[in-house]
Chemist: 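For reference, the structure I am asking about is given below.
Since we're looking at a predicted model, the values are computed, not measured. Lettering follows sequence order; numbering is per chain, from 1. Just so it is clear, the values below take in all heavy atoms, side chains as well, and ignore hydrogens, waters and symmetry mates.
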Number of protein chains: 2
Amino acid sequence: MNESIEEPEAPAPGSRRPGGRTARTRAAVRDAVLTGLSEHGYPALTVEYVAEHSGVHKTTLYRRWGGVEGMVADALDLAGEDRWSPPDTGSLGGDLRALAREVVDGFAEPADAAAPTAFVGAAFQSPRAAEALRSFYAERFRRCEEVVKRAVARGEAPAGADAGAVVRAVSAPLFLRLFVTREPLDHRLADQAADAAAAALAAGVFDRSPADAAPTTKDRPAADTAGAAGG
Amino acid sequence: MNESIEEPEAPAPGSRRPGGRTARTRAAVRDAVLTGLSEHGYPALTVEYVAEHSGVHKTTLYRRWGGVEGMVADALDLAGEDRWSPPDTGSLGGDLRALAREVVDGFAEPADAAAPTAFVGAAFQSPRAAEALRSFYAERFRRCEEVVKRAVARGEAPAGADAGAVVRAVSAPLFLRLFVTREPLDHRLADQAADAAAAALAAGVFDRSPADAAPTTKDRPAADTAGAAGG
DNA sequence: GATCAAACGCAACGCTTGTAGCGTTAGCCG
DNA sequence: CGGCTAACGCTACAAGCGTTGCGTTTGATC
């Protein structure tokens, strides 16, 4: 029947018709998805809702995106193509705190939190959305590593520090409360998360010096000699 | 036939008939839900699947649980009624590491990870499941605080430490990778998370001394004097 | 600007999901 | 042991979801 072998489902930016109606359709769908998520939440985001609010026919939505999860994943791909860059306050502590507060502020208003929350939730239902989310955060954390690299250049952090582990440590307690334990957030928790990561970094917990490939996962010489017993 | 009553269990919420068929029905549904989650995953867990595999009629499932999310939430409630208690290795560092490794091991096999992952995912779709998840982790972390309290009693940790923040800091990076960034886990990351929390605790980041109610969320005297600049 | 193929719109259909009415079963109690 | 009623099973149905076939529009190419 259809010999469209090249791409399984998602024409996306590599389509044979880069400009014109196809691009307009994609943008209209993306806007409708984000609007729907913000106003009604993910469970209420149905294909027919997007069809009605985007002016794109239901059939087209199923053909190009396969369903709601695909449209959410596509919107997530577009969201990752922004020009965001981490803050630069001049000090590691300030940068990490600003980073953490940016997360908290981004989820403060329910309307703002709906779309990002939906992205995370969609990943539980669709492998396509899961892959988009993984890719999004990999890029996002990669940009954040700049903060740690600057600190290393200033001598604020040890040279062998795992920058990715540091920035993940900062946001992890916030995401835990947002998506798992569902506890409220505030700036105090943001600062606490940033300070905790900074303290662990200073204590050498994030050093990947002895064995980068981590051959012995069972027991390390324990970096907590500088941590637990330090106080 | 099968009156394998393992334990009296809790009566169905709001039920006026604590024992008998109602309890059996609930147990059968719970088993079918867990089996379905482990074998086919959450997206494939439909009401009719549970009806077929539990022997309970579809109408009853909708009446008592309202849908899939309700059944998952109910299974989560039952899962929280176990007798789990945190490990006791004799030292704070050992306890936190054991705690972290327990999380990693619990999600190592896909079949074991399916149900807990589904619990988290269901919370994105149903307020009922979200509340059940919140309650589950509140109780779980409450038990974990014992680890920190023992450490305080031994003099390993400052007396004013926020035990809840510590145990959340331990598991947060692991849950981040499991549910958000979807990166692989290993024991090295578990130890790293435990050591980071221990280091931050030793540095005084988790002290809730000056103002417990956190009146000034904008700027604190900064506990990072011992953290970021401490090295 | 004529041609061709990709992408889209349209209407209709089958399937699954969720609900309602009603009869039946089973736990509880006198 | 016999009545009472909550809880469950059954059938049927309405609504929404996802798919299909075909005609139309649009953008690229010569």
Side-chain angles (χ1 to χ4, degrees), chain A residues 1-33 36 40 42-74 122 125-126 128, chain B residues 1-3 5 8-33 36 40 42-72 74 122 125-126 128:
Chain A
M1 285 292 183
N2 47 2
E3 52 266 32
S4 61
I5 317 290
E6 306 173 344
E7 51 210 359
E9 266 195 16
S15 177
R16 295 181 62 175
R17 292 194 176 179
R21 186 170 61 169
T22 299
R24 278 200 305 275
T25 299
R26 189 187 182 201
V29 169
R30 190 263 314 263
D31 291 345
V33 168
H40 305 286
Y42 179 61
L45 187 74
T46 175
V47 174
E48 309 220 20
Y49 174 91
V50 177
E52 190 168 345
H53 286 72
S54 67
V56 179
H57 203 269
K58 187 179 64 166
T59 311
T60 301
L61 298 179
Y62 278 112
R63 267 199 283 250
R64 278 189 60 181
W65 286 275
V68 178
E69 303 90 1
M71 304 189 304
V72 171
D74 192 38
Q125 298 207 323
S126 152
R128 167 124 162 65
Chain B
M1 272 293 189
N2 49 359
E3 50 252 41
I5 307 301
E9 288 186 351
S15 174
R16 296 178 61 172
R17 294 197 175 178
R21 187 169 60 169
T22 299
R24 279 200 306 273
T25 299
R26 190 186 183 201
V29 169
R30 190 262 314 263
D31 291 346
V33 167
H40 305 287
Y42 180 59
L45 187 74
T46 175
V47 174
E48 309 222 16
Y49 174 91
V50 177
E52 190 168 345
H53 286 73
S54 66
V56 179
H57 203 268
K58 186 180 65 165
T59 311
T60 300
L61 298 179
Y62 279 111
R63 267 199 285 250
R64 279 189 59 181
W65 286 275
V68 178
E69 303 89 1
M71 303 188 305
V72 171
D74 191 39
Q125 299 206 322
S126 151
R128 166 118 164 68

Chemist: With no angle test and no hydrogens, is the base of C/dG9 tied to the side chain of A/Arg63 by a donor-acceptor pair under 3.5 Å?
Modeler: yes
Chemist: Is the distance from OP1 or OP2 of C/dG9 to the nearest side-chain N or O of A/Thr60 less than 4.0 Å?
Modeler: yes
Chemist: Between B/Arg26 and B/Asp74, does the side-chain contact (heavy atoms from CB on, under 4.5 Å) criterion hold? Intermediate values first, please.
Modeler: CA-CA 9 Å; B/Arg26 190 186 183 201; B/Asp74 191 39; 2.6 Å; yes
Chemist: Is there a side-chain polar atom (N or O) of A/Thr46 under 4.0 Å from OP1 or OP2 of D/dC17?
Modeler: yes
Chemist: Starting at CG of A/Leu45 and ending at P of D/dC17, how long is that distance when rounded to a whole Å?
Modeler: 11 Å
Chemist: Please tell me if B/Tyr62 has a side-chain N or O lying less than 4.0 Å from either OP1 or OP2 of C/dG18.
Modeler: yes
Chemist: How is A/Gly55 classified with respect to the nucleic acid when contacts are heavy atoms under 4.0 Å: base, sugar-phosphate, or nothing?
Modeler: sugar-phosphate
Chemist: How many whole angstroms separate atom CG of A/Leu61 from atom C1' of D/dC17?
Modeler: 13 Å
Chemist: Grab the NE2-P distance between B/His57 and D/dA12 for me, whole Å please.
Modeler: 12 Å
Chemist: By nearest atom, which of the nucleotides C/dG27, C/dG18, D/dG18 is closest to the B/Arg24 side chain?
Modeler: C/dG27
Chemist: Could you tell me whether the side chain of B/Lys58 has a donor or acceptor atom within less than 3.5 Å of a complementary atom in the base of C/dG18?
Modeler: yes
Chemist: Please give, in whole Å, the distance from D/dC17 C1' to A/Trp65 CH2?
Modeler: 18 Å
Chemist: For residues A/Ser54 and A/Ala28, report the shortest heavy-atom separation together with the two atoms involved.
Modeler: CB-O, 3.7 Å
Chemist: Is any side-chain heavy atom of B/Tyr42 closer than 4.5 Å to a side-chain heavy atom of B/Val72?
Modeler: yes
Chemist: So A/Leu61 and A/His57, do their side chains get closer than 4.5 Å, heavy atoms only?
Modeler: no
Chemist: What is the distance, to the nearest angstrom, from the CZ atom on A/Arg26 to the P atom on C/dC8?
Modeler: 12 Å
Chemist: Within the structure, does a side-chain N or O atom of A/Arg64 lie under 4.0 Å from either OP1 or OP2 of C/dC8?
Modeler: yes
Chemist: D/dC17 C1' sits how many Å from A/Glu69 CD, rounded?
Modeler: 12 Å
Chemist: So, OP1 or OP2 of D/dC8: does either fall under 4.0 Å of a side-chain N or O from B/Thr25?
Modeler: yes
Chemist: Quick one: does A/Thr59 reach the base of C/dC10 with a side-chain donor-acceptor pair under 3.5 Å?
Modeler: yes
Chemist: How about B/Val50 and B/Val56: do any of their side-chain heavy atoms sit closer than 4.5 Å?
Modeler: no
Chemist: On DNA chain D, check which nucleotide each of A/Glu48 and B/Val56 is closest to and give me the residue with the more 5' one.
Modeler: B/Val56
